[in-house]
Amino acid sequence: MVNRILRLLVTGLNAYSFYSNPYRFIIGILCIIILPCLAYIFWGTVIIIALLALGIYFIYKAFKQSYYNSTYYS
């Protein structure tokens with residue numbers, strides 16, 4: 001019963017907030033929905049760039065070592 005009353009109060013507050021300033025309400029809802037997605041995209045991009053840098057470094061290291069170990073190197 002308390003849960004229903006709280007849900008009714010929250011619904012009423014949300015309706016009042018939407019009625020008083022619909023733009024702020026919609027922007028607030030979108031921020032709540034979009035911010036976690038943007039955080040995942042940001043940290044995913046950071047991790048991918050770090051892995052890309054490590055991959056390029058190890059490929060360069062392998063090519064450099066194979067160049068020095070080749071028979072054509074004098």
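All values derive from a computational prediction rather than experimental measurement.
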Go through the structure and list residues passing side chain to side chain contact (heavy atoms under 4.5 Å, CB included) with [X], not counting sequence neighbours.
| X | value |
| --- | --- |
| Thr45 | Ile41, Ile49 |
| Ile29 | Phe25, Ile33 |
| Tyr40 | none |
| Leu30 | Ile26, Ile34 |

Other members of the hydrophobic cluster containing [X], with the 4.5 Å side-chain heavy-atom rule, please.
| X | value |
| --- | --- |
| Leu52 | Ile56 |
| Trp43 | Phe42, Val46 |
| Leu54 | Tyr57, Phe58 |
| Tyr60 | none |

Provide the closest heavy-atom pair for Cys31 versus Pro36 in the form atom of the first, atom of the second, distance.
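Nearest heavy atoms, Cys31 then Pro36: O-CD, 4.4 Å.
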
